Protein chains: 2
Amino acid sequence: MNDKQNLVPLGNISMTDRVENKLRAYFLKNAFKPGDSLPGEIEIAEKLNVSRNVVREALSRLRMLGIIESRTRRGMIMARPDILGGLERVMNPFILGQDTLEDIFELRLILEMGMAEFLFARKTEKDIEELEAIVKKQASLNEPTIEEEIKFHTKLYDMTGNETFKRFQILLQPIFNHTFNNKKKHKIHTPDHIYHDGIVKALKSGSVEDFRLAMKKHLKPYFKMTV
Amino acid sequence: MNDKQNLVPLGNISMTDRVENKLRAYFLKNAFKPGDSLPGEIEIAEKLNVSRNVVREALSRLRMLGIIESRTRRGMIMARPDILGGLERVMNPFILGQDTLEDIFELRLILEMGMAEFLFARKTEKDIEELEAIVKKQASLNEPTIEEEIKFHTKLYDMTGNETFKRFQILLQPIFNHTFNNKKKHKIHTPDHIYHDGIVKALKSGSVEDFRLAMKKHLKPYFKMTV
DNA sequence: CGAAATCTTTTTGTAAGTCAAATATAGTTA
DNA sequence: TAACTATATTTGACTTACAAAAAGATTTCG
């Protein structure tokens, strides 16, 4: 046995990191639910034998994520975090790695191919009409705008009726565009907007498989960019 | 015009919140990249006219997300955040809302239906063999275990070759299970493990469409739970 | 003159104490 | 009994202090 293995990690973990981890573990272990009240800062500091300062830095993190809430001068309670809040804060194309950006670009393709079942399960007359209006407007423009393009796809996410999914797309949108613009050199022969009407048609009077085939065709240029 | 609208927000925003927002905006506006060095805590505090304490609480948040790194006693630099770090910390079924949990449950179905193209683009002989081994082992057990079930699906995510996607699935796994267990009452007539071999077969010698049909059949009981 | 040792400066990590302000509770008064 | 008052609690924010590590500047010595 080589003892070196046990020495490797080291990881430079600060008091604040440790307190944050301890608190999250504590919440999970005790099945804390939103609304439950928490011990005060001073009590936590004393129990963990650190300064109130360190505790506040850890709590500040949890507060940012929405895990806890502080009713000013009345104490802290557990809260219901926005699951995508943490994601939102790191959505900065300058600091994310190129590989991560490309992973996200691929994710879009997976999502738009995969959402078919839910679209068919939940589509309404009104949805279809809206899509048709978007397509019509797009066709009337001499040049297709990126805004109209986005509007069409965003509407599809909306139609799934899945709020988290919808917000997810809004967060990812800037990354899509950033990566797409970086790749534009890869010349796309088939401008996609001509296929939007095909997608709507499949959605309106076709089967789930028809839709997926139309979507696949529509996304083909993007697939070419990744696989 | 009603002035009341302008009074509504109020939002109880703390100094720390404001500093955090200011810093993130500053990084974005100036296109800060990983490795770039940042002004010191004291300088930031003076520039923003707040105490060093407040600045440290804001920086602590950014450090948690991996946006910045502090080389102890040498200064801070921009870093490359783990895009899913924030998500990981709020993955606690007790504090997430029921609607969010169900949204995530649906997301799984979308992902597994949507990943087909990438599986076919990147599958290898070895991948197929591994899947077959998993199915074989599963068939040999008197009772299918949840571990083997997870192993099969995890392998599929692996095969996409998309690291972010893969980690995403690992994070979501506990939520899937939690929601699944809560819904078990909805009696599933067709135990899914019998279809795993069908999926592998489609993946091995079928078309992308064959795979999607097999997967759809496999996931049918889950779809029943949501739509 | 050059290399090695030492000192100084810088900067983050951690601690401790102070004060303000809002709220809940207890206590008091009419 | 109801209204008012005082008190204790608790978070938000500021200040000061010091340790420790690393880098740079300075000094010392061969």
Side-chain angles (χ1 to χ4, degrees), chain A residues 7-24 26-27 32 34-81 95, chain B residues 7-24 26-27 32 34-81 95:
Chain A
L7 288 174
V8 195
L10 175 60
N12 237 7
I13 188 160
S14 69
M15 284 292 155
T16 302
D17 291 331
R18 297 224 293 251
V19 173
E20 183 217 323
N21 290 335
K22 266 208 182 298
L23 286 173
R24 275 190 295 109
Y26 171 69
F27 297 157
F32 270 66
D36 294 353
S37 71
L38 303 176
E41 295 176 351
I42 300 168
E43 190 184 335
I44 295 172
E46 281 169 357
K47 286 256 169 65
L48 297 181
N49 201 33
V50 292
S51 76
R52 194 180 149 216
N53 235 322
V54 166
V55 172
R56 277 189 62 82
E57 283 185 24
L59 290 172
S60 179
R61 297 176 175 187
L62 303 181
R63 199 156 33 234
M64 172 188 71
L65 294 176
I67 294 173
I68 65 171
E69 247 171 50
S70 300
R71 286 136 349 142
T72 324
R73 289 122 202 165
R74 269 203 300 153
M76 295 178 291
I77 56 171
M78 291 297 284
R80 193 176 297 294
I95 61 174
Chain B
L7 288 176
V8 195
L10 176 60
N12 236 8
I13 188 161
S14 68
M15 284 292 156
T16 303
D17 291 332
R18 296 224 294 250
V19 173
E20 184 216 323
N21 290 336
K22 266 207 183 295
L23 286 174
R24 273 191 295 108
Y26 171 70
F27 296 158
F32 270 64
D36 292 355
S37 72
L38 303 176
E41 295 175 351
I42 300 167
E43 190 184 335
I44 295 173
E46 281 170 357
K47 286 256 168 65
L48 298 180
N49 201 32
V50 293
S51 76
R52 193 181 149 216
N53 235 321
V54 166
V55 172
R56 277 189 62 81
E57 283 184 25
L59 290 172
S60 178
R61 297 176 174 187
L62 303 181
R63 200 156 33 235
M64 172 186 69
L65 294 176
I67 295 173
I68 64 171
E69 246 171 50
S70 300
R71 284 133 354 138
T72 324
R73 288 122 203 167
R74 270 203 300 151
M76 294 179 291
I77 56 171
M78 292 296 285
R80 192 176 297 293
I95 61 174

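Since the structure is predicted, the reported quantities are computational estimates derived from the model, not experimental observations. The chains referred to below are lettered A, B, ... by the order of the sequence lines, with proteins before strands, and numbering in each begins at 1.
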Options [options], nucleotide nearest the side-chain atoms of [X]:
X	options	answer
Ser51(A)	dA13(D), dT14(C), dT12(C)	dT14(C)
Met76(A)	dT12(C), dT11(D), dA22(D)	dT11(D)
Met15(A)	dT14(C), dT11(D), dT15(D)	dT14(C)
Ser70(B)	dG12(D), dA13(D), dT12(C)	dT12(C)

Do the side chain of Arg52(A) and the base of dG17(C) come within less than 3.5 angstrom through a donor-acceptor pair of N or O atoms?
-> no
Measure [atom1]/[X] against [atom2]/[N] and give the value in whole Å, please.
X	N	atom1	atom2	answer
Glu57(A)	dA15(C)	CD	P	10 Å
Ile77(B)	dA22(D)	CD1	C1'	15 Å
Arg56(B)	dT16(D)	CZ	C1'	15 Å
Asn49(A)	dA15(C)	CG	C1'	11 Å
Leu59(A)	dA13(D)	CG	P	14 Å
Arg18(B)	dG12(D)	CZ	P	14 Å
Glu46(B)	dT11(C)	CD	P	11 Å
Glu69(B)	dG13(C)	CD	C1'	16 Å

Of Thr16(A), Asp17(A), Leu65(A), the one forming a side-chain contact (heavy atoms from CB on, under 4.5 Å) with Met64(B) is Leu65(A)
Distance in Å, Met78(B) CE paired with Arg80(B) CZ, rounded so as to fall on 0.5 Å steps |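 Rounded to the nearest 0.5 Å, the CE-CZ separation comes to 10.0 Å.
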Starting at CD of Glu69(B), measure out to CZ of Arg63(B) and round the result to the nearest 0.5 Å.
-> 10.0 Å
Toward the 5' end of DNA chain C, which comes first, Asn53(B) or Glu41(B), by nearest nucleotide?
-> Glu41(B)
Walk me through it: do Phe27(A) and Asp36(A) pass the test side-chain contact (heavy atoms from CB on, under 4.5 Å)?
-> CA-CA 10 Å; Phe27(A) 297 157; Asp36(A) 294 353; over 6 Å; no
Which residue lies toward the 5' end of DNA chain D, Arg74(A) or Thr16(B), if each is placed at its nearest nucleotide?
-> Arg74(A)
Is the shortest side-chain N to carboxylate O distance from Glu57(B) to Arg61(B) below 4.0 Å?
-> no
Phosphate OP1/OP2 of dG13(C): any Arg63(B) side-chain N/O under 4.0 Å | yes
Taking OP1 and OP2 of dT11(D), is either one under 4.0 Å from a side-chain nitrogen or oxygen of Arg71(A)?
->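 Answer is no, no contact under 4.0 Å.
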